[in-house]
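For reference, the structure discussed in these notes is given below.
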Amino acid sequence: MNAFGAASSDAPLKQLTIHRRTPQPSDVEIDILYCGVCHSDLHTVRNDWGGTIYPAVPGHEIVGKVTQVGSAVSKFRVGDTVGVGCMVDSCRTCGSCQQDLEQFCLNGFTGTYNSKDQYLSTPTYGGYAERIVVDEHFVLRVPSNLDPAAVAPLLCAGITTWSPLRHWKVQEGSRVAVIGLGGLGHMAIKLAKGLGASVTLFSRSEGKIEDAHQLGADEVIISTDAAQMKSVKGKFDLIIDTVPYVHDINPYVGALKINGTLVLVGYLGKLDPMLNSVPMVMGRKSVAGSVIGGIAETQEMLDFCGKHNIVSDIELIRMQDINTAYERMLKSDVKYRFVIDMASWR
Ligand code: NAP
Ligand code: ZN
Ligand code: ZN
């Protein structure tokens, strides 16, 4: 089938042909309508984390229509609108999988792209493609009242910020801060507000202040302004850090309450400068990390969004414009998620 991918870390994405497995008894075949553009797609294509398999076909914020179901499929029918996020398989038997924590599968989950297909042992290819074949366990129901294009980013940006909000028990009256107003950041604001928290955005960009308030933020702190940073010392129960590149997190630890947690979801790698343990020790504060969320938790998030009418703020693009979209994403010039309209390409 046709797909869009990159042949190497410095090559632009272009049209190519990929092969997927023939649907198995528990598989669902999905005609892809929309696919969100996550910063992880760009990290993978450019080999920022090492280990990229080429050609790389990214895309893990997928919404589409079911076109075929295997004989053992019970949850879906042809014609259903469904979603697929960052995982397409896991062992289903380990302690993590048994607890609906497939993202922590002890045998490693199968990523939607840049992983190994469990049946063919060939690389997995993501949603920048015409269709995808996925075991029904990893397929999500999309609430019918929501715009399917604007739902796509919930499958990664949504669940990645929902999971820490739930794990750290954010509720009415919690004080939550979000660092970085991009794809993950704007969903974190909407979801934390939906749960009843008061929400502060930390941003480098003065130009995003008005948008942040429109998205639901109660307060915006410009992180490069020392006086503003000082004004929120000891304030937050939970801070979700979505910044993709290395940065100093020490000032944000200072903004946590006693017992507060800063959870890293953006940057992967060694911290620089190093973390000062004093504020953590003296305030029982934690610095943690989190990756996406389990399948049951993803469905919970989608159902919550259906109930509260929460979707992503998107800019629809054509498949052919993906390389320009990547350059704009690197400049934080996106409000607040690009979504590829697959119909534009057929
Ligand atoms: P994005 O849309 O590009 O947003 C990132 C935001 O971070 C920017 O809008 C900007 O906000 C801020 N920022 C960018 N560069 C910065 C820098 N050098 N220093 C400080 N702030 C900076 O990216 P995204 O799609 O939300 O993804 C964010 C990160 O999360 C990526 O690294 C991605 O790979 C990762 N991710 C992780 C998971 C997981 O499961 N843990 C899942 C999905 C994505 P301001 O302009 O407001 O400062
Ligand atoms: Zn992602
Ligand atoms: Zn497992």
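Ligands are counted one by one from 1 in listed order, and the atoms in each one are counted from 1 as well. This one's a predicted model, so the numbers in the text were calculated from it and none came from an experiment. Below, each value reflects all heavy atoms present in this structure, side chains not excepted, and no hydrogens, waters or symmetry copies.
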Where the side chain of Asn114 meets the backbone of Ile53, is there a donor-acceptor pair that is under 3.5 Å apart? yes

Full working for side chain to side chain contact (heavy atoms under 4.5 Å, CB included) between Val151 and Tyr34: CA-CA 9 Å; Val151 163; Tyr34 300 104; over 6 Å; no

Side chains of Asp117 and Tyr125: is there a donor and an acceptor less than 3.5 Å apart? no

For ligand 1, which atoms have a heavy atom of Thr242 less than 4.0 angstrom away? 28 (C), 29 (C)

Can you confirm, on distance only, whether ligand 1 has an N/O atom lying under 3.5 Å from any N/O atom belonging to Cys38? no

N/O/S atom name from His60 that is nearest to the position of the Zn ion (ligand 2): NE2

Among protein heavy atoms, which sits nearest to atom 24 (P) of ligand 1, and what does the distance come to when rounded to 0.1 Å? His39 CB, 3.6 Å

Salt bridge or not between Asp80 and Arg77? Use side-chain N to carboxylate O under 4.0 Å. no

Lys/Arg N to Asp/Glu carboxylate O, Lys235 vs Glu219, below 4.0 Å: yes

Report yes or no: does Phe338 have a heavy atom closer than 4.0 Å to ligand 1? no

Should you measure from each heavy atom of Ser205, which atoms of ligand 1 turn up under 4.0 Å away? 45 (P), 46 (O)

What part of Ser290, side chain from CB on, backbone N/CA/C/O, both or neither, has a heavy atom under 4.0 Å from ligand 1? backbone

For atom 42 (C) of ligand 1, what's the nearest protein heavy-atom neighbour? Residue, atom name and distance, please. Thr160 OG1, 3.2 Å

Can you find an N/O atom of Gly185 closer than 3.5 Å to an N/O atom of ligand 1? no

Do you see a donor-acceptor pair shorter than 3.5 Å between the side chains of Ser312 and His186? yes

Aromatic plane relationship, Tyr252 with His247 - under 30° parallel, 30 to 60° tilted, over 60° perpendicular: perpendicular

Pair Lys193 + Asp218, salt bridge at N-O below 4.0 Å: yes

Measuring from the heavy atoms of His43, does anything fall under 4.0 Å of ligand 1? yes

Compute whether any side-chain donor of one residue and acceptor of the other, for Asn323 and Glu327, lie under 3.5 angstrom apart. no

N/O separation below 3.5 Å, Val243 to ligand 1: no

What I want to find out is whether Arg21 reaches Asp27 closely enough, with some N-O distance under 4.0 Å, to be called a salt bridge. yes

Are any of the N/O atoms in Ser203 less than 3.5 Å from those in ligand 1? yes

Test your reading of the model: is there a side-chain donor-acceptor pair from Ser174 to the backbone of Val170, 3.5 Å cut-off? no

Around the Zn ion (ligand 3), how many protein N, O or S atoms are closer than 2.8 Å? 4

Distance filter under 4.0 Å to Ser40 heavy atoms, resulting ligand 1 atoms: 33 (C), 34 (O), 35 (C), 36 (N), 43 (C), 44 (C)

Are a donor atom and an acceptor atom from the side chains of Lys65 and Thr81 found within less than 3.5 Å of each other? yes

Under 3.5 Å: N/O of Val265 near N/O of ligand 1: yes

Whether the Thr67 and Glu29 side chains hold a donor-acceptor pair (N or O, under 3.5 Å, no angle test) is what I'd like checked. yes

May I ask whether Arg337 has any heavy atom positioned less than 4.0 angstrom from an atom of ligand 1? yes

Identify the closest protein heavy atom to atom 30 (O) of ligand 1: which residue and atom is it, and at what distance? Gly266 CA, 3.3 Å

Report the member of Gly293, Gly183, Ser163 with the shortest heavy-atom distance to atom 2 (O) of ligand 1. Gly183

Going by atom types alone, do Ser90 and Glu102 pair a side-chain donor with an acceptor below 3.5 Å? no

Are Thr110 and Asp89 linked by a side-chain donor-acceptor pair shorter than 3.5 Å? no

Proximal atoms of ligand 1 relative to Trp49 (non-hydrogen, under 4.0 Å): 34 (O)

Does the side chain of Asn47 pick up a donor-acceptor pair with the side chain of Tyr54 at under 3.5 Å? no

Mode of Cys156 contact toward ligand 1 - side chain, backbone, both, neither (heavy atoms, under 4.0 Å): side chain

Atom 26 (O) of ligand 1 - nearest protein heavy atom and its distance: Leu184 N, 2.8 Å

Write out the residue and atom name of the closest protein heavy atom to atom 8 (C) of ligand 1, then the distance separating them to 0.1 Å. Ser332 OG, 3.4 Å

Quick check for you: with the Zn ion (ligand 2) as the vertex, what angle do SG of Cys38 and SG of Cys156 span, to 10°? 130°

Would you call the rings of Tyr245 and His39 parallel, tilted or perpendicular if under 30° counts as parallel and over 60° as perpendicular? perpendicular

Please confirm whether Val291 comes within less than 3.5 Å of ligand 1 when only nitrogen or oxygen atoms on both sides are compared. no

Tell me which one of Gly182, Pro153, Pro244 gets a heavy atom nearest to atom 7 (O) of ligand 1. Pro244

When you measure from atom 20 (C) of ligand 1 to each heavy atom in Lys208, Glu61, Glu206, Arg204, which option holds the nearest one? Arg204

Do any N/O atoms on Ile292 end up under 3.5 angstrom from N/O atoms on ligand 1? yes

Give the intermediate values and the outcome of side-chain hydrogen bond (donor to acceptor under 3.5 Å, both in side chains) for residues Trp345 and Glu130. CA-CA 9 Å; Trp345 178 39; Glu130 293 177 300; over 6 Å; no

